Every structure is written in structure tokens, then in C-alpha cells.
Amino acid sequence: MRSWRGPQGAAAIGVIVVMLVVRGRLLAGSYFNQDDFYMTGRAYRSDLSWDFLFSDFAGHVNPFQQLTLWVVAHHAPYDWPVIATAILAVNLAATVLVWLILSRLLDRQWSRVVLLAVFAWAPMTLVPTLWWSAAMFLWPHVLGSLAAIWLLVRWRQGDGSAWVNGVGIVLVTAAALLWHERAVLILPLVFGVAVALADEATGWRRLTAALGRFRWLWLGMAGAVVGFLVVHGLLTDVEGGGGTARQQVEVSWSFVGRSVVPGLVGGPWAGRTIGGAVVPAAWVTVASIGLVVAVVGLLLWRGGPARRWGLAVLAGYVAADLGLLLAGRSGFGQVIGLDPRYSSDTLHAAVVCVALCLRGASWPALAAKRSRALVVGALLAAYGVASAFGTALLVPHFQNTQDRAFITHLRDDLAADPTQVILDGPAPEELVLPLVGDDNRYSVILGPLPELPAFDEPSPRLRAVGPDGRLEQVEMSGGVSSVAGPDGECGYEVSTTPVDVEMALPVEGRVLLRVRYYAGAESTVTASAEDWTEEFLARRGPNELWLVLPDVPGAVTDIGLVGDGRAEVCVTDVLAGLPEQP
């Protein structure tokens, strides 16, 4: 508890409270988006099995994420307050770990408060915080990485049992790998921290000192990483990379110069968005690079004994992060380097590495208490203002308010009339991109809703989903009608003897069938065509019913009908066609 005492501890608590208030409010106003919907739908339709947990998901093998998706899909589907609370809790845990690490590395220096604010307030982690699936990629990895660093620093400073710290580091590394393969970066980062902390050696001897002192740790961590990569390679067959040399250069510049650098200094403060990418204004890029160069120069000038190693570790981490991006997604071009999902994890490495540079530093100009207060206050205020501008730029584009409105409208309409049946079909690309194939259909993404909606079932209340999520009555313009029935006003008399309703023209593909009929009592009627059959309840009186005829082999020339014998049903008309778009 020593880390939380005194004015610096109070300042740290203040920084964390500001983060909780701001991010809590922003999370409360956000919602599910894109991958969240179809991944939840997949989990809802799957059994909890090893095959599901270790399935190849677009080249990823992440069983802990799959387990989380399954639990949420079956026990709290589309319950945003639960998800938002969990994201905020993991964000808080990571921030607390950062403070504990900074307190060990910098003792009672006020610079640790500034670095904590950088980690807690930086907008570069905001986008993957407001988006659930992106948050699952970022925060468990960052939490595992920080936990491993904290255990290593404790071990290096003689606190706790060596084997407990070592085993703990290997376990958190393994757990992070089971969340996302980006956790392979934990090993080089922890090794870099160990080298920077090897004060018993100088120069390149720090490498051998760190290797020798923690040799069993490196073997354990390497075993976990190699074992994971072997299993990952056996379970996936997605080939990444691609792209020309020019594309790789463009991605590298976008990632480092236009995403990582502006993000570390609280940006971008101005720019535009392209899908999930953030394109900073040119002046933002220039100003950000200038600020980072100035900080690096200041650290090299007045930093501690391990300043060069600290900067080298940070450069190595960013390069490794970039390498993962190039290996997997360089074919997308420079826009992928501008996506905050792929650069946001550099923040925790930057904060730790700058702390390593400041460790043991001497700042004569800040010897006076008044000077320290002015400088620290100015830095906190400046970074707070910069982060506020960056947050204001990002929030309108990434809070997913339209998705919330869409699902809210649909759920409200279902609650008002639970007997409605939804016409299945692809969701709008604003909700789920068509890149995922049939997983963007309403039956997949809306199936887990607590209202348990029905799709494509026979119903007089078949509804189409409108562009705003409202359920609208199905209408058909035109279509192919049935030939007049042989039984006069009755049309086609349906009983226990099968009857074929002849269509005026053959129909092909997935179409709607509007069946008009009347009956004196309830009975069950079975409709069929080719290898398709569907039962519906024919109610007393004149009625209209909708059926969905799937895309069956060949053209359909007639619809077979047969009753259960409880009553005769007169089918006066069958119309086949496509629904009007809402």
C-alpha cells in the first residue's frame, strides 16, 4: 500500500478516477459493433466443445476469447452494461498495475504520475475500449504483459519468492497467449526490461547478465510461446502477409509515423476516419514527431543509466508489433496501419520503457519543490487537453450509437408483439460487413437475443427488418400467381388427399409464398416443393399466411399441399415473389 500514500498516491488516485469517469460514461453510451454480432451468433449456435474453443477464426486461435463469447452468448446476450463493466474493470486493473510498476521503478518521483496519466488518458486505447471484440484483443494482452513485468520487477528487487514470481510470469504469458497471439510480444518485452534492470553490468554485458540471472524464466516463457505457435500452426491454414514492397513501406509509415507517434502524445487532435482507420491531419503528424523527438533527446541527455536500453526496448517492441501487422495484414495497404486496434498495445510498452529511461535520472532544474509542482502540473494539464481533443475526434465515429438504435428498435418491436416472425436475410453492412458470408444474416446475429425471435417460420405476421431496425409488414410487388383452382370459389380443396397448386410460371431461388385460404376449423397443412416441406396451422375463417420457399434444386412449378384431416381448407390463391425492400 506504500504506492498509494502521500501526495503522489493521491494524485494517482485522481488520475484513475478521471479515467473511470470519462471512460465509464463513454462506454455507457457505446454498443456492440460488427464482429461482436456475428461472433456472438456463432457462439450461440455452437456447443461448448474443444473444437469450438480451438477453432480457426480468420487465422486466430484464441480459446479464452471463444469461451468468453460462449458464456456471454448463452447467459448475457447483448447485455451491454455487463460487457461495458467488464471492459472498464480490465482497464482499471491494467492502470493499477502500471502504477505499481512505476512506483517500483521510479520510487517517489513525480514523473510516475505523469506517465500514469499518459497510460490512463491516451485516446489511442479508446477505440479498442469502446468496441468489445477489439477490447478482447487489447486488454487481456496488456494486462498479462503488465502482470509479467510487475512480477519481474518484484523479483529483481528481491520481493517475493523467486519461483513464485517466475512461475507466475510463465502462467500469465500462457494465459495471454490463449487470449490472442499478440501475446508473443510479452517475452521480448519482459526480456528487455530485465536487461534494462541489470545494473550489475554495463554496456552489452547487460544482455548476458539478464540471460544468466533469469535463464530458467526464459526457458519457461520460450517453451510457452513455441508450444503455442506450434499448435497455432497446426490448427490454422490462413496465409497472412502478402502485399508488395511498396505496400509494406506504406503500412510501416502509417503505423509508426501516423498512428503510434501521434497516439503516444495524446493525438490525433485533428483528422478524419475511414472505416476503422484514423487519418491524422498532416500538421498533427509533424507536430507529434517533433514532440517525440524532443522527448527522446531529453531522455538521452538527462536520463538514467539505462536510458539507451529503455529506448532500444521500446523501438524493438514497436518494430515487433509492426512485424506482426506486416506478416498478417500488409495486403490491406496503408489504411491498416492507421487502425488503432493494431497500435494501441504500444502504449503500455512506451510508458514502461520511458520509466526505465528515467530510473536513476538527475534533474537539477527540478530540485526545488515549486519548480517540480509547476512542471508536473503543466505536463498533466497539457496531456489532459491533448487527450481531450483526441477523444473528441474519435468518440463520434466509434461509439456505435447507430448500432444501439438499430437493435433497440428491433427489440422494442418484438416486445410489443412477440408473435412476429422475422424474414431472414443479410444485415446492412453498417451492422455486419458481408465479408463474413452467411454469418451476417439476421438469424445468426439476432438469434441470441433474449426475446428469442423466430426466422422464416410460417406466419401471418412475417416482418422485414427496416433500415433503422424497425419491423415492417412484408409486401410484394408483382410476383407469380397460382393458376385458378378446380373447385370454384374454394380454389384448391386441401384435405388428407394431396393436392398440387399449379403456378402460372416456374419460380426459382429463395422466394416468399403468400397463401390465402379459409377454413371452418383449425387443422395442420403441410406444404412441399422438391425437397422442401413446411407445416403451418390453418386457422378458422379467411386468412393470409406467409411461407419462405428456400432455394431448392431446379425450378418449382407447383406447391404440394396436404391436410391432417381435421378440417377442409380452401386455398384460394398462392403468390410467389420477392419482398419489397423496406
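The model shown is predicted, which means the values in this text are computed figures rather than measured ones.
- Remark: the backbone N or O of E429 is paired with a side-chain donor or acceptor of Q34 at under 3.5 angstrom.
- Considering all non-hydrogen atoms of both residues, A73 and P448 come closest at O-CB, 4.2 Å.
- R539 CZ: 12 or fewer foreign heavy atoms inside a 6.0 Å radius.
- Counting only heavy atoms from C-beta outward, the side chains of W70 and H75 approach each other to under 4.5 Å.
- For S344 against M124, the heavy-atom pair with the smallest separation is CB-O, 3.2 Å.
- Taking the six-membered ring where tryptophan is involved, the planes of W132 and F32 are perpendicular, since the angle between them exceeds 60° and thus also 30°.
- Of the inter-residue distances, the one linking S133 atom OG with Y38 atom OH reads 8.0 Å to the nearest 0.5 angstrom.
- For the atom pair L394 CG and W269 CH2, the distance stands at 12.5 Å (nearest 0.5 Å).
- The two residues P128 and L138 have their closest heavy-atom pair at CG-CD2, 3.6 Å.
- Summarising the geometry of A567 relative to E522, their closest heavy-atom pair is CB-O, 4.3 Å, with the distance given to 0.1 Å.
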| message | Show, in sequence, the C-alpha distance, side-chain angles and deciding distance for I445 and T40, and conclude whether the side-chain contact (heavy atoms from CB on, under 4.5 Å) test is met. | response | CA-CA 7 Å; I445 65 176; T40 300; over 6 Å; no
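- Going from atom CG of L513 over to atom CG of L462 covers 11.0 Å, rounded to the nearest 0.5 Å.
- Side-chain polar atoms of W139 and T129 form a donor-acceptor pair below 3.5 angstrom.
- Taking OH of Y518 as the reference point, atom SG of C490 lies at 4.5 Å (rounded to 0.5 Å).
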| message | Please determine whether salt bridge (Lys or Arg N to Asp or Glu O under 4.0 Å) holds for the pair R510 and D424, giving the CA-CA distance in whole Å, both sets of side-chain angles, and the decisive distance to 0.1 Å. | response | CA-CA 11 Å; R510 182 176 182 271; D424 200 8; 5.2 Å; no
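- When all heavy atoms of P81 and D79 are compared, the closest pair comes out as CD-OD1, 3.2 Å.
- Between W179 and F64, the ring-plane angle classifies as perpendicular under the 30° and 60° cut-offs.
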| field | Pair Y31-T408, side-chain contact (heavy atoms from CB on, under 4.5 Å): steps then yes or no | value | CA-CA 11 Å; Y31 200 64; T408 299; 5.5 Å; no
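- Within 6.0 Å of the CD atom in E451, the count of heavy atoms belonging to other residues, nucleotides or ligands exceeds 12.
- Among the candidates V142, L97, T125, the single residue satisfying the side-chain contact (heavy atoms from CB on, under 4.5 Å) test with F119 is V142.
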| Test salt bridge (Lys or Arg N to Asp or Glu O under 4.0 Å) applied to R516 and E544, step by step | CA-CA 4 Å; R516 287 179 173 166; E544 180 178 276; 2.9 Å; yes
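- One finds the CG atom of D36 at 8.5 Å from the CG atom of L69 (value rounded to the nearest 0.5 Å).
- Side-chain contact check for F406 versus E430: every heavy-atom pair is 4.5 Å or farther apart.
- Counting all heavy atoms, side chain and backbone alike, L423 lies closest to A464 at CB-CA, 4.4 Å.
- Within the 4.5 Å cutoff, side-chain heavy atoms of V548 are placed close to those of L512.
- Side chains of D573 and S482 form a contact here, defined as non-hydrogen atoms less than 4.5 Å apart.
- Counted within 6.0 Å of CZ on R470, heavy atoms from surrounding residues, nucleotides or ligands total more than 12; the atom is thus considered enclosed.
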| request: Would you please test V515 and I559 for side-chain contact (heavy atoms from CB on, under 4.5 Å) and show each step? | output: CA-CA 11 Å; V515 181; I559 306 297; over 6 Å; no
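- When side chains are defined from C-beta on, L431 counts as touching D403, because their heavy atoms get closer than 4.5 Å.
- There is no side-chain donor-acceptor pair under 3.5 Å between S343 and D321.
- Side-chain contact between V61 and E181 is absent, with no heavy atoms from C-beta onward closer than 4.5 Å.
- E534 CD: more than 12 foreign heavy atoms inside a 6.0 Å radius.
- Aromatic rings from Y78 and F37 are positioned such that their centres are separated by under 6.0 Å.
- The neighbour count for R566 CZ, taken as heavy atoms of other residues, nucleotides or ligands under 6.0 Å away, is above 12.
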| task | Check the pair Y342 / I336 against side-chain contact (heavy atoms from CB on, under 4.5 Å), numbers first and verdict last. | result | CA-CA 8 Å; Y342 302 108; I336 202 69; 3.6 Å; yes
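- Around the CG atom of D47, the shell of radius 6.0 Å holds no more than 12 heavy atoms that belong to other residues, nucleotides or ligands.
- At a threshold of 4.5 Å between non-hydrogen side-chain atoms, the residues P498 and D500 do not count as touching.
- Annotation: side chain of L185 is not in contact with side chain of S145 (no heavy-atom distance under 4.5 Å).
- Between atom CG of residue N62 and atom CZ of residue F54 there is a gap of 10.0 Å, rounded to the nearest 0.5 Å.
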